[in-house]
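Owing to the predicted nature of the structure, the values given are computational and were not obtained by experimental measurement.
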Amino acid sequence: MKFSEMPYQRPDLENIKSQLSSLTSDLKTAPDYDTAKEIFLKKDVLDKHISTLSSLASIRHTIDTRDVFYDEEVKFWNLANPQIAEYNQKWIHILLDSPFRPEFEKEFGNVAFLNAEIELKTFAPEIMDDLAAESDLTCEYEKLLASAQIPFEGNIYTLSQLTPLKNDLDDDRRLAAWKAEGNWYKEHQDKLDDIYDKLVLLRDKMGRALGYDGYTELGYYRMGRNCYTKEDVEKFRKAVVKYLVPVANNIYIAQADRLGKEYPMSFADNILEFRDGNPKPIGTSDDILAAGKKFYDELSPETSEFFRTMLDQELMDVLSTEGKASGGYCDGLMDYEVPFIFANFNGTQGDVEVITHEAGHAFACYMNKKRVPASTVWPTLEACEVHSMSMEFFAEPWAENFFGKDTKKFLYSHLSGALTFIPYGTMVDHFQHIVYEKPEMTPAERHGVWKELLGIYMPWMKLDGDIPFYSEGEGWQRQHHIYSSPFYYIDYCLAQTVSLQFWALIQENPKKAWETYMNYTKLGGSDVFTELLAKAGLESPFDENCLKTVCEKANQWLQNFEW
């Protein structure tokens with residue numbers, strides 16, 4: 001079924017509650033495992049249906065945030081989801097206490113039960129109103145960014161549409177585009193500060209209401225962290241500063257030399273990797289999709305079937321249009337056993353990375369679409385990001401179809417970008433830990449923290465006054481995850497470290513690399529992150545040697561790259 005044909009109707013919330021109550025009661029009184037299993041499977045079908053309706057409303061809202069109908073539906077789900085969560089909590093309590101739990105774990109694995117135990121720690125009825133308020137504030141932030149109308153050279157641009165101009169070859173024009181973007185954020189500074197203030201205080205309040213010392217512990221539980229701790233993340237951050245920041249610093253020193261610029265460079269100059277321009281995809285959006293089809297057709301039978309399904313059923317919305325939410329994501333429509341990709345093409349290499357990155361998520365979903373329970377289709381988020389970031393590297397042998405004459409530039413840029421991203425992403429995580437440790441900080445104090453962390457994680461950034469929004473430590477406000485998904489961003493960094501293992505393996509043995517990737521992907525969410533890696537024969541990013549080794553190999557490749 002095509003995405004446009006998928007029906008949506010607001011469900012009867014009271015009926016959902018009634019069904020959940022009935023299933024919970026039936027499970028509690030089930031006389032034997034076969035009966036309990038039948039109830040368990042009915043609950044899974046209901047969960048998939050609720051998830052599908054919620055996702056349809058959310059996806060269609062982000063495609064056009066001006067659509068009044070889906071705007072109201074998102075508001076409905078913002079209120080409904082916390083209420084549904086209350087009934088799910090009752091189900092989880094009965095499931096975990098079930099005398100048939102050993103049989104359930106033997107047949108369906110124990111990770112769903114481990115995750116259910118964690119989920120119990122994230123909710124209580126007294127925070128329902130706060131959860132709804134949190135969702136509303138996140139929507140307010142998204143709508144503010146989607147509403148951006150930025151004047152530049154006589155035209156009006158959205159934030160996404162302005163991005164290619166921020167990569168312009170002309171130094172003055174590029175700087176002017178960065179200033180135009182920064183000015184828009186500055187004009188909305190009070191609103192951005194106010195939304196985040198409310199989010200931080202609200203999350204801190206929820207954490208304390210659930211018995212935690214603030215939000216951080218609750219934030220980890222909400223992220224489903226089931227095999228590593230805050231201390232493990234701190235260890236990873238230290239390894240990033242020790243091994244990766246020096247490598248990234250050398251990348252920017254070489255870039256300054258290529259551009260004929262003085263090091264350190266400004267934000268507007270750091271974005272330009274090559275004097276004759278950053279790598280750009282060739283052709284139209286349709287051409288990029290066609291090149292993606294060729295890549296997936298030739299990569300494997302499984303990827304060919306997957307991508308053809310995405311095209312045939314119109315499961316991608318990738319053009320940047322007015323009123324469309326910013327960013328990109330992949331979601332699952334579980335009733336139909338298909339994923340959906342949302343993106344904003346803007347003529348940069350990021351367009352190609354959508355076809356590889358978000359499609360990496362989608363492929364993993366597609367490969368595990370029949371997994372039961374549905375909660376184990378996806379692993380935890382850092383494990384999911386391995387699917388996407390690694391798929392980007394598997395596409396490199398097909399890069400010429402996407403980039404033509406810019407292929408070599410792309411190959412260099414892709415690897416160097418992976419390396420330089422990790423310090424930034426780690427900084428985002430460090431910033432959030434400080435924010436939630438000190439929720440009473442003023443906006444000015446938060447900006448000061450960000451500016452200080454820039455000196456630790458991104459010493460190649462020249463903090464001059466050309467673009468006050470960035471130089472004054474406010475650039476974090478354009479990072480959607482900081483507002484909407486606290487503590488998510490380190491997942492990208494952990495996954496990027498694993499993906500660099502795949503990159504190194506591809507250089508040595510592409511066939512073995514793909515077999516390893518498929519072994520990892522087919523596991524879905526059947527185990528915790530570190531065990532999924534171990535089962536696939538991959539090193540954990542929490543092992544300091546992992547980051548040290550990939551840094552050495554990647555740095556050597558960049559140093560010996562032949563233009």
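Between Lys198 and Asp136 no salt bridge is recorded (no basic side-chain N to carboxylate O distance below 4.0 Å). No salt bridge links Lys238 with Glu544; every basic N to acidic carboxylate O contact stays at or beyond 4.0 Å. The pair Asp269-Lys462 does not meet the salt-bridge criterion, since no charged nitrogen lies less than 4.0 angstrom from a carboxylate oxygen. At a threshold of 4.0 Å, the pair Glu234-Lys230 counts as salt-bridged, since one of the basic side-chain nitrogens sits closer than that to a carboxylate oxygen. Using a cut-off of 4.0 Å between Lys/Arg side-chain N and Asp/Glu carboxylate O, Asp171 and Arg174 are scored as salt-bridged. Look at Lys121 and Glu217 and you find no salt bridge, because none of the NZ, NE, NH1 or NH2 atoms lies under 4.0 Å from a carboxylate O. Between Asp276 and Arg258, no side-chain nitrogen of the basic residue sits less than 4.0 Å from a carboxylate oxygen of the acidic one, so the salt-bridge criterion is not met. Under a 4.0 Å N-O distance rule, the pair Asp204/Lys438 does not qualify as a salt bridge. Using a 4.0 Å cut-off between a side-chain N of Lys or Arg and a carboxylate O of Asp or Glu, Glu273 and Lys409 do not qualify as a salt bridge.
A donor-acceptor pair is defined here as one N or O able to donate and one able to accept, closer than 3.5 Å; no such pair exists between the side chain of Thr348 and the backbone of Pro164. A donor-acceptor pair under 3.5 Å links the side-chain atoms of Arg446 to the main chain of Met441, judged by distance alone. Looking only at distances, no side-chain donor or acceptor of Asn226 sits under 3.5 Å from a matching main-chain atom of Val528. In this structure, Gln501 contributes its side chain and Glu539 its backbone to a donor-acceptor pair below 3.5 Å. Within the 3.5 Å criterion, the main-chain N or O of Ile253 finds no donor-acceptor partner in the side chain of Asp257.
For Tyr489 and Trp476, the ring centers sit 6.0 Å or farther from each other. Aromatic ring centres of Tyr221 and Tyr212: separated by under 6.0 Å. The ring of Phe403 has its center closer than 6.0 angstrom to the ring center of Phe410. Residues Tyr263 and Tyr252 keep their aromatic ring centres 6.0 Å or farther apart.
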Between His480 and Tyr141, does a ring pair (Phe, Tyr, Trp, His ring centres under 6.0 Å) hold up when you go through it step by step?
CA-CA 8 Å; His480 191 293; Tyr141 171 76; 5.5 Å; yes

Residue pair Glu552, Lys548: steps toward the salt bridge (charged side-chain N to carboxylate O under 4.0 Å, His left out) verdict:
CA-CA 6 Å; Glu552 288 172 351; Lys548 179 176 182 288; 3.0 Å; yes

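Relative ring orientation between Phe542 and Tyr228 is described as tilted, the plane-to-plane angle lying within the 30° to 60° band. The aromatic rings of His387 and Tyr517 stand perpendicular to each other, their planes meeting at an angle above 60°, with 30° marking the opposite boundary. The aromatic rings of Tyr492 and His481 stand perpendicular to each other, their planes meeting at an angle above 60°, with 30° marking the opposite boundary.
The two residues Ala504 and Lys553 have their closest heavy-atom pair at CB-CD, 4.0 Å. Of all heavy-atom pairs spanning Phe487 and Gly219, the tightest one is CD1-CA, 4.0 Å. Residues Asn249 and Pro459 come closest through the heavy atom pair OD1-CG, 3.9 Å. Smallest separation of non-hydrogen atoms from Ile482 and Arg203: O-NH1, 3.9 Å.
Judged by distance alone, the side chains of Tyr488 and Glu385 do bring a donor and an acceptor atom under 3.5 Å apart. Between the side chains of Asp429 and Thr426, no donor N or O sits under 3.5 Å from an acceptor N or O.
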Please list, one pair per line, the donor and acceptor atoms closer than 3.5 Å that link side chains of residues 143-151 to other protein atoms, with sequence neighbours excluded.
from, atom 1, to, atom 2, distance (Å)
Lys143, NZ, Asp71, OD1, 3.4
Ser147, OG, Lys143, O, 3.4
Ser147, OG, Leu144, O, 2.7

